[in-house]
Protein chains: 2
Amino acid sequence: MLQVSQRGLAMPLSPYRRLTPFADAAKQRGVKVFHLNIGQPDIETPPTMLAAVQQADIRVLEYSPTAGYPSYRRKLADYYRNVGISVTADDILVTAGGSEAIFFALMSCLNPDDELIVPEPFYGAYTAFSVATGVRIVPVTSYLSEGFALPPIEEFEQRITSRTKALLLCTPNNPTGYVYSRAELEQLKDLCVRHDLYLLSDEAYREFCYDGDYVSAMHLEGADDHIVVLDTISKRYSACGARIGAFVTKNKALQQAAFKFAQMRVSPPGLAQLLAEAASELPLNYFDVTKAEYQARRDLMVRRLRAMPGVECPVPGGAFYVMARLPVDSCETFCQWLLDSFTYDNQTVMLSPASGFYATPGLGKQEVRMAYVLNCDDLDVALTCLEQALAVYPGREVPVAEVAFA
Amino acid sequence: MLQVSQRGLAMPLSPYRRLTPFADAAKQRGVKVFHLNIGQPDIETPPTMLAAVQQADIRVLEYSPTAGYPSYRRKLADYYRNVGISVTADDILVTAGGSEAIFFALMSCLNPDDELIVPEPFYGAYTAFSVATGVRIVPVTSYLSEGFALPPIEEFEQRITSRTKALLLCTPNNPTGYVYSRAELEQLKDLCVRHDLYLLSDEAYREFCYDGDYVSAMHLEGADDHIVVLDTISKRYSACGARIGAFVTKNKALQQAAFKFAQMRVSPPGLAQLLAEAASELPLNYFDVTKAEYQARRDLMVRRLRAMPGVECPVPGGAFYVMARLPVDSCETFCQWLLDSFTYDNQTVMLSPASGFYATPGLGKQEVRMAYVLNCDDLDVALTCLEQALAVYPGREVPVAEVAFA
């Protein structure tokens with residue numbers, strides 16, 4: 001009998017996917033659904049970037065070079081230098097989104113059955129990439145009660161085996177919003193140097209740090225061969241649909257391996273590279289404006305959540321996510337109930353249950369991730385929906401006090 | 001010590017890559033190099049397709065749906081129905097070029113160490129995809145002396161083992177230009193049904209058949225669950241840089257598996273889908289014009305090649321490639337010599353040595369692939385260069401007559 005491959009069967013479905021039909025059904029019933037479940041920014045894509053594509057004079061839309069247009073790679077190197085990351089165009093491979101950079105990193109650094117240490121909770125697609133590449137994710141749990149700070153470095157060290165090849169972190173973090181400190185990153189770097197591990201740093205949310213300076217893995221010294229930055233323009237310029245990212249490393253052997261995986265797909269998207277290149281023309285205060293907007297939303301969201309009985313949430317220092325513990329038995333059940341059984345003023349809210357962000361079974365059951373990708377007015381209404389919902393939700397066996405401080 | 005993964009080391013470098021520095025050096029010396037080595041069409045991308053992107057009103061360049069925009073998938077289904085392929089939008093997953101469709105097919109149909117039977121010579125990137133996915137390619141050799149027709153079906157049958165999961169063919173073929181007949185495809189289909197194999201059909205060059213009707217794997221009956229069409233707009237609309245392709249199958253379990261691999265990278269390129277969608281507005285005779293142009297080039301190329309002493313070449317029925325056997329000891333050496341030691345009227349020509357298209361070591365040593373992606377005038381000059389080069393090339397130990405009829 002014809003069979004789908006084992007890896008095809010093992011691939012996870014995105015956690016959002018299960019809830020989508022319930023959201024669709026709610027909309028069909030005329031209910032307004034506020035989407036706090038996805039990391040799709042509502043901020044306008046800079047019109048000058050779109051104009052760069054729209055005004056380009058193209059006769060034949062040819063393959064771009066495998067590593068991306070040289071002019072774009074040079075401008076991207078300039079951008080990196082502006083944020084204190086000292087690289088040249090040769091250190092950059094342009095990818096189809098941050099996703100392809102993650103894929104190239106796992107393929108180039110690890111063999112099937114090799115181990116990749118990742119602090120959990122983590123971006124759900126990492127699980128999919130690990131299944132696709134045959135790599136085993138070894139999680140180290142970080143805790144909401146500690147604001148999702150880096151777990152003690154001994155926790156990482158204890159999990160290193162002869163199969164451990166790399167450590168993957170995301171800073172500012174999706175889903176927690178946590179921004180790793182320089183001291184934390186130095187600890188991780190030292191660990192990687194000590195044990196010959198790659199340090200893969202997903203920095204998709206670099207521009208969005210609200211409470212202090214941002215530290216890139218590439219700001220660390222003495223470990224150039226260990227460090228790979230996985231990047232994307234998706235969140236930075238609100239251009240998720242462009243599918244332009246980058247695989248950045250000074251390790252020449254690794255860059256060469258990634259290049260060979262890149263040759264397989266010939267070239268990254270062509271039109272979108274023109275858009276990405278035009279980012280170099282943005283005014284210097286571009287990020288100040290978007291950052292101020294996100295920060296206002298974060299502050300509103302944290303303030304509202306903390307005012308809800310039994311809700312616990314740390315203040316996330318970056319990205320545009322808040323993780324919160326809710327006073328319910330199961331956020332999976334609660335999130336579905338929000339869509340199929342609750343409305344407030346004919347409105348409701350869609351959240352991401354956090355269990356999909358944990359590799360350890362059972363963790364995150366009472367947590368949700370919320371993306372602040374709506375303007376403050378809409379966000380305020382969405383949070384009122386949540387507050388009203390929590391006040392009447394029946395699925396709660398554990399007393400609020402115990403949940404909140406568990 | 002830090003090491004690149006074994007698969008990263010095992011990945012092949014594109015065969016063009018080795019010759020590129022010699023071409024660059026020739027250009028630096030002021031030599032005009034005619035590129036017959038790559039499948040990058042020179043035909044204009046339809047301006048109306050580019051205009052669709054350029055006139056689009058985009059505020060936020062959002063992720064598109066994972067499977068592609070529904071409107072594009074519906075129009076693509078219409079296109080398929082027009083070419084006699086009866087599918088619906090649900091049977092289509094939009095991919096980042098044909099490359100990603102190949103990747104999804106290997107990942108969804110085969111496990112590591114499973115076997116994939118492929119007639120050789122074949123598109124060089126298949127080797128890269130097999131290394132990346134851990135799949136073993138089992139080649140069945142087709143021969144220039146037979147015009148690269150399908151080898152006897154028994155040759156395929158003999159290679160089937162308990163690990164064989166799929167058969168991959170490309171029609172019209174890259175690199176041979178051969179167009180498989182309905183009878184050949186029926187044989188392959190029967191074989192796949194008899195042995196529970198998938199039939200993966202790379203149809204990137206569907207529109208370019210010069211000597212009769214084109215038959216798609218999806219024109220075959222009674223094997224819907226076995227057949228996957230791997231497609232792309234790259235060659236069809238001269239839009240290689242768009243990176244838009246499609247994974248097409250009526251096998252629901254397989255489509256679901258491919259969808260999960262697609263979720264991993266969130267969405268296919270967004271802007272380029274607008275361009276692809278606008279293909280539905282092209283005049284009905286669009287392909288007649290491009291096809292007539294390619295056919296004139298093919299006829300010119302075959303006529304000129306056959307007039308060169310010792311050169312043997314079949315008439316390719318489709319795509320835009322000609323495979324020829326040259327009266328030289330090693331085409332690898334000859335192609336480099338063309339770039340570093342030969343000029344005619346301060347011009348030379350870059351060709352693809354064919355050994356990179358064979359999996360069996362030693363095959364294709366005296367063959368080259370030439371892409372007719374230049375206008376007839378340039379093509380004529382390029383072929384004169386080749387003719388002059390062959391007349392003076394010293395690297396020939398075997399008498400011409402023996403080579404030509406070996």
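From a predicted model like this one, the values you see are computed outputs, not experimental measurements. Every chain is numbered from 1, with letters handed out A, B, ... down the list of sequences.
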Sort out for me which of [options] touches chain A most, counting heavy-atom pairs under 4.5 Å.
options: A132(B), A125(B), S238(B); answer: A132(B)
options: C192(B), G124(B), C240(B), G8(B); answer: C240(B)
options: E44(B), Q55(B), M107(B), M1(B); answer: M107(B)
options: S234(B), P268(B), P112(B); answer: P112(B)

Tell me, for [X] versus chain A, whether the close heavy atoms (under 4.5 Å) come from the side chain, the backbone, both or neither.
X: L275(B); answer: side chain
X: V135(B); answer: side chain
X: Y123(B); answer: side chain
X: Y126(B); answer: neither
X: D114(B); answer: neither
X: A51(B); answer: neither
X: P41(B); answer: backbone
X: I244(B); answer: neither
X: H226(B); answer: both
X: T133(B); answer: both

Would you check, one step at a time, whether the test side chain to side chain contact (heavy atoms under 4.5 Å, CB included) holds for M264(A) with M11(B)? CA-CA 9 Å; M264(A) 180 169 87; M11(B) 278 294 284; 3.9 Å; yes

Roughly how far, to the nearest 0.5 Å, is the CZ atom of R7(B) from the OG atom of S108(A)?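 That separation rounds to 8.5 Å.
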
State the OH-CD distance between Y198(B) and Q3(A), to the nearest 0.5 angstrom.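 The OH atom of Y198(B) sits 7.5 Å away from the CD atom of Q3(A).
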
Selection from T66(A), L13(A), L254(A) maximising heavy-atom pairs under 4.5 Å formed with chain B: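 Most pairs with chain B among the choices: L13(A).
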
Sort out for me which of A253(A), C109(A), G134(A), P47(A) touches chain B most, counting heavy-atom pairs under 4.5 Å.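 Maximum pair count with chain B is reached by C109(A).
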
Using a 4.5 Å cut-off on heavy atoms from C-beta on, say whether the side chain of S5(A) contacts that of L110(B). no

Residues 94-106 of chain B: residues contacting chain A (heavy atom under 4.5 Å, by number): S99(B), F103(B), L106(B)

Which atoms of [X] approach chain B - backbone, side chain, both or neither, heavy atom under 4.5 Å:
X: A258(A); answer: neither
X: L2(A); answer: both
X: I38(A); answer: neither

For R243(A) versus R265(B), what's the shortest heavy-atom pair and its separation?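 Scanning both residues completely, I find the closest heavy atoms to be NH2-O, 3.2 Å.
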
Output side-chain donor-acceptor pairs under 3.5 Å for residues 57-64 of chain B, partner residues at least two apart or in another chain, one line each.
unit_1	atom_1	unit_2	atom_2	d
R59(B)	NH2	D42(A)	O	2.8
Y63(B)	OH	K235(A)	NZ	3.1
S64(B)	OG	Q273(B)	NE2	3.0

Any donor-acceptor N/O pair, K260(A) side chain to A128(B) backbone, under 3.5 Å: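 Between the backbone of A128(B) and the side chain of K260(A) there is no qualifying donor-acceptor contact (under 3.5 Å).
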
Does a sphere of radius 6.0 Å around CD in Q6(B) hold more than 12 heavy atoms from other residues, nucleotides or ligands, not counting ones at 6.0 Å or beyond?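 No.
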
